[in-house]
Amino acid sequence: MPELPEVETARRTLEQLVVDKTIEDITVHWPKIIKFDEGVDSFIERLKGQTFRSIGRKGKFLMFYLDGDVLVSHLRMEGKFSVKSETEPDDKHTHVIFHLTNGEQLRYNDVRKFGTMHLFKEGQEYGVPPLTLVGPEPFDESFTLDYFKAKVQRSSRMIKNILLDQSVVAGLGNIYVDETLFKAGVHPERRGSSIEDIELVRIQQAAAETLLDAVEKGGSTIRSYVNSQGKIGTFQKQLLVYSQQGTPCPNCGREIIKIKVGGRGTHLCTACQQ
DNA sequence: ACCCAGCCCTGGGCGC
DNA sequence: TGCGCCCAGGGCTGGG
């Protein structure tokens, strides 16, 4: 499941592969992925002839900058982009194909079909959903203690739910939230209003540290997730609690347990996280 | 303002 | 071997 580190890894890889390449045509096998009011046909027509200029990222969104337009894509659970020669056969989960003028293809593959693509005129993308709902990333300068205090300590929601809220802090998903709360020593079911300043600082540091470390390792490869070059990340080897239920806590040796928080599988050590 | 269920999907794991 | 069932989950919507 791509979270910020996996999306950033994809961004870096794709930038090497598609910048300066031009879209000749687009094939859409699963139209629901295209979130464009004017329809799939106009989506295709508008992108034809445009060249990829750069690739950005905001939270878990990939942003492909072209000639005046920006394609904003969310990979959701299992979405992935790859660049292949047009002679390579595509599998049944390839739903969108950008045919490039050099004979290559940028392919969007998604077993769950949950991913999305929005298209905006460059400059308008931040004024409308989905990007209006994306807050600061853990290492942004605007992610200050005062900002975080206001969002957390005035809330009765559980801290895990607050951290999964992309408008509060962008980039964390189920894996890295569990890792962050373990490192910070905070129980995921604690109410926001009960979290002390010192704990908020620990959460901020743990979130930034965890995400940056995972970016360095190329993200986590859970199940079949691989990046655009088919390479796998290695961060899953150093997950402290996620999917570690039944094994000893790396800190105290007590058993890591799995519970449900807000409908999400949640991994923690009840001794280390109060 | 919050929570929850349901929705979108399919493959994998389970019981039988 | 295989069927049917349930689960996983990010973001969104609709109802309480």
Side-chain angles (χ1 to χ4, degrees), chain A residues 1-10 28-37 40 57-63 72-81 90-96 108-118 125-126 128-135 137-138 149-181 188-195 207 211 214 219-226 236 239 241-246 257-268:
Chain A
M1 48 217 77
E3 302 179 28
L4 188 150
E6 292 75 32
V7 178
E8 175 61 17
T9 301
V28 177
H29 293 305
W30 196 262
K32 282 187 176 181
I33 289 169
I34 312 297
K35 307 292 182 185
F36 189 57
D37 290 342
V40 172
R57 182 189 56 72
K58 173 76 177 171
K60 304 179 199 171
F61 288 89
L62 269 178
M63 308 177 58
V72 178
S73 181
H74 198 298
L75 307 173
R76 285 292 206 279
M77 309 303 303
E78 302 201 31
K80 28 190 108 62
F81 282 96
D90 54 348
D91 71 75
K92 61 174 178 173
H93 299 303
T94 299
H95 306 305
V96 183
Y108 179 71
N109 184 286
D110 189 346
V111 169
R112 293 277 188 285
K113 298 176 175 170
F114 279 6
T116 58
M117 293 182 199
H118 288 81
E125 66 272 26
Y126 288 110
V128 288
L131 293 181
T132 43
L133 304 171
V134 182
E137 298 177 359
K149 279 176 67 164
K151 291 289 185 185
V152 175
Q153 293 175 340
R154 290 180 203 166
S155 172
S156 61
R157 305 166 71 188
M158 290 181 282
I159 185 65
K160 172 156 180 176
N161 289 345
I162 297 174
L163 295 177
L164 283 173
D165 183 340
Q166 301 296 298
S167 72
V168 173
V169 54
L172 294 169
N174 207 38
I175 297 175
Y176 296 109
V177 161
D178 284 1
E179 295 295 298
T180 294
L181 287 172
E189 290 176 308
R190 286 268 301 281
R191 302 286 160 179
S193 53
S194 81
I195 313 265
L211 291 180
S220 298
T221 299
I222 303 285
R223 292 188 204 164
S224 63
Y225 188 79
V226 293
Q236 70 280 2
L239 292 173
V241 288
Y242 185 85
S243 79
Q244 302 302 309
Q245 63 270 26
I257 62 162
K258 182 176 182 181
I259 61 174
K260 283 250 186 213
V261 178
R264 309 267 177 236
T266 300
H267 313 74
L268 72 151

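Values in this document were obtained by computation on a predicted structure and should not be read as measured data. In what follows, chains are A, B, ... by sequence order, proteins preceding strands, each numbered from 1.
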Quick check on [N]: is either OP1 or OP2 less than 4.0 Å from any side-chain nitrogen or oxygen of [X]?
X: A/Q166; N: C/dG10; result: no
X: A/H95; N: B/dC9; result: no
X: A/K60; N: C/dG11; result: yes
X: A/K92; N: B/dT10; result: no

Output the single nucleotide from [options] whose closest atom is nearest the side chain of [X].
X: A/H74; options: C/dG11, B/dC8, C/dA8; answer: C/dG11
X: A/M77; options: B/dG11, B/dC3, C/dG10; answer: C/dG10
X: A/F114; options: B/dC3, C/dG9, B/dC2; answer: C/dG9
X: A/Y242; options: B/dC3, C/dG9, C/dG11; answer: C/dG9
X: A/N174; options: C/dG9, B/dC2, B/dG11; answer: C/dG9
X: A/R191; options: C/dG10, B/dC3, B/dG11; answer: B/dC3
X: A/L133; options: C/dG10, C/dC12, B/dC8; answer: C/dC12
X: A/R264; options: C/dG11, B/dC9, B/dC3; answer: C/dG11
X: A/P130; options: B/dC2, B/dC9, C/dC12; answer: C/dC12
X: A/W30; options: B/dC3, C/dA8, B/dC9; answer: B/dC9

Please classify the nucleic acid contact of [X] as base, sugar-phosphate, or nothing, using heavy-atom distances under 4.0 Å.
X: A/R76; value: base
X: A/S155; value: sugar-phosphate
X: A/G265; value: sugar-phosphate
X: A/K35; value: nothing

Are A/E179 and A/V241 side-chain neighbours, meaning at least one heavy-atom pair lies under 4.5 Å?
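Answer yes - side chains close enough.
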Could you work out how much the helix from B/dC2-C/dG16 to B/dC16-C/dG2 bends, comparing the axis of its first five pairs with that of its last five, to 10°?
50°
For [X], what residues pass the side-chain contact (heavy atoms from CB on, under 4.5 Å) criterion, not counting sequence neighbours?
X: A/K151; answer: A/Y147, A/V168
X: A/S155; answer: A/R157, A/I162
X: A/K32; answer: A/W30
X: A/K60; answer: A/V7, A/H74, A/Q166

Heavy-atom count check: over 12 atoms from other residues, nucleotides or ligands less than 6.0 Å from A/D91 CG?
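Correct, the count exceeds 12.
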Pair A/I195, A/I159 - check side chain to side chain contact (heavy atoms under 4.5 Å, CB included), show working.
CA-CA 8 Å; A/I195 313 265; A/I159 185 65; 4.0 Å; yes
[X] [atom1] to [N] [atom2]: how many Å, rounded?
X: A/M158; N: B/dC2; atom1: CE; atom2: C1'; result: 11 Å
X: A/D110; N: B/dT10; atom1: CG; atom2: P; result: 10 Å
X: A/R112; N: B/dC7; atom1: CZ; atom2: C1'; result: 14 Å
X: A/K113; N: B/dG11; atom1: NZ; atom2: C1'; result: 13 Å
X: A/K80; N: B/dG11; atom1: NZ; atom2: C1'; result: 12 Å
X: A/R157; N: B/dC2; atom1: CZ; atom2: P; result: 5 Å
X: A/N161; N: B/dA1; atom1: CG; atom2: P; result: 17 Å
X: A/D165; N: C/dG10; atom1: CG; atom2: C1'; result: 12 Å

For A/H267 and A/Y242, I'd like to know if the aromatic rings sit close, meaning centre-to-centre distance below 6.0 Å.
yes
Identify, with sequence neighbours excluded, every residue that meets ring-ring contact (aromatic ring centres under 6.0 Å, His included) alongside A/H93.
none
